[in-house]
Amino acid sequence: GDILYYNGTDWVRLGAGTSGQALLTQGTGANPIWGTSGKVLAVHFLSNNTRTSLSSAVNLTWLTVGSFTKTNASSDLYVQGVVPEVGTNADALGCWLQIGTNSDPGDNQDVHKGIVRNPTETSNHTGGTIYNMKFTGIGAGSQTVYVGQNNRDNSSDQPAVINPNNSDEGRLQQTASQFTIWEIAT
């Protein structure tokens, strides 16, 4: 139904909002409105279990986790995910998460990058990267999620694997990179 609020001078009637709207404040000195801030517009689950190897090279290796459709150009994306990894040397790998539209993520201009350093141990011990990130400014439409890894210092001899399996470490079954993406109205 309708509500009454005091605008500092008079009591004012605010008519009922539409289905799904909530009453929002606009800060000190501003009148309340009906809106959709914080409303979940969509939830996407992406998974990829392709074993992807990073050779002893300086190049960033990419894995496409999957694609989804972003419904609103002004909404934000909240991303949680995990990327299992195994390294063959004792040091850190640089891990990247990108969301964009270009089939070559390394050249993608509509992309957001997150870098997480992942410690690994010598002798193929498994680790991984956990992502908990917010992305803004990504347009509506089809978007692709890429993960990548680079060696620790842009030099050679730091091979590693995304989504390792028992060929990388005997205790493993096939692992998978998995992401949940919430699209939230702002």
Side-chain angles (χ1 to χ4, degrees), residues 1-7 12-52 60-85 93-118 126-149 162-163 173-186:
D2 297 352
I3 65 164
L4 291 176
Y5 68 90
Y6 190 71
N7 68 4
V12 180
R13 175 186 160 274
L14 178 62
T18 60
S19 178
Q21 289 186 318
L23 186 63
L24 305 175
T25 66
Q26 299 185 88
T28 304
N31 297 329
I33 61 169
W34 295 105
T36 58
S37 181
K39 178 180 177 184
V40 176
L41 301 176
V43 178
H44 309 280
F45 179 76
L46 304 175
S47 181
N48 184 321
N49 68 351
T50 303
R51 182 184 179 278
T52 303
L60 184 63
T61 299
W62 292 103
L63 170 69
T64 301
V65 177
S67 296
F68 67 98
T69 300
K70 187 169 183 274
T71 62
N72 186 307
S74 63
S75 62
D76 293 337
L77 298 176
Y78 292 82
V79 178
Q80 290 184 324
V82 62
V83 178
E85 301 156 359
L93 300 171
C95 298
W96 300 72
L97 169 66
Q98 294 192 355
I99 298 175
T101 57
N102 191 321
S103 61
D104 181 1
D107 293 332
N108 201 331
Q109 297 304 306
D110 183 22
V111 88
H112 296 263
K113 298 177 183 176
I115 304 172
V116 178
R117 299 301 281 180
N118 176 47
T126 304
T129 302
I130 297 173
Y131 294 91
N132 189 11
M133 304 171 77
K134 175 183 175 182
F135 293 91
T136 59
I138 295 176
S142 181
Q143 303 293 333
T144 302
V145 176
Y146 306 94
V147 294
Q149 61 184 9
I162 295 176
N163 298 333
Q173 298 296 317
Q174 180 61 58
T175 58
S177 297
Q178 298 182 335
F179 288 88
T180 303
I181 302 168
W182 290 268
E183 183 178 354
I184 308 293
T186 54

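Computation of the quantities below employed the complete heavy-atom set of this structure, encompassing side-chain atoms and omitting hydrogens, waters and symmetry-equivalent molecules.
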For this session: Verify side chain to side chain contact (heavy atoms under 4.5 Å, CB included) between Q80 and W182, making sure each step is shown before the conclusion.
Result: CA-CA 9 Å; Q80 290 184 324; W182 290 268; 3.3 Å; yes
Evaluate side chain to side chain contact (heavy atoms under 4.5 Å, CB included) for L23 paired with I3, printing each intermediate quantity in order. CA-CA 10 Å; L23 186 63; I3 65 164; 3.6 Å; yes
Can you check whether [Y]'s main-chain N or O pairs, donor with acceptor, with [X]'s side chain at less than 3.5 Å?
{"X": "Q178", "Y": "S47", "result": "no"}
{"X": "W34", "Y": "G15", "result": "yes"}
{"X": "K70", "Y": "I138", "result": "yes"}
{"X": "D2", "Y": "A16", "result": "yes"}
{"X": "T186", "Y": "S74", "result": "yes"}
{"X": "E183", "Y": "S75", "result": "no"}

Taken to the nearest 0.5 Å, the spacing of Y5 OH from R13 CZ works out to 11.0 Å
Here the gap from Y78 atom OH to N132 atom CG, rounded to the nearest 0.5 Å, amounts to 10.5 Å
Check [X] against [Y] and note the closest heavy-atom contact, atom names and distance.
{"X": "S177", "Y": "V83", "value": "OG-CG1, 3.5 Å"}
{"X": "N49", "Y": "T175", "value": "CB-O, 3.3 Å"}
{"X": "T64", "Y": "N48", "value": "O-ND2, 2.7 Å"}
{"X": "L14", "Y": "P32", "value": "CD2-O, 3.9 Å"}

Which of T71, D76, I184 passes side-chain contact (heavy atoms from CB on, under 4.5 Å) with L41? Answer is T71
Checking I99, I181, T69 against Q143 for side-chain contact (heavy atoms from CB on, under 4.5 Å), the one that qualifies is I99
Item to complete: Go through the steps for L77 and F68 under the test side chain to side chain contact (heavy atoms under 4.5 Å, CB included), then give the verdict.
Response: CA-CA 12 Å; L77 298 176; F68 67 98; 3.8 Å; yes
Determine whether the side chains of N163 and T50 contain a donor N or O and an acceptor N or O closer than 3.5 Å. no
Check your understanding: Would one find more than 12 heavy atoms of other residues, nucleotides or ligands at under 6.0 Å from atom CD of Q26?
Key -> yes
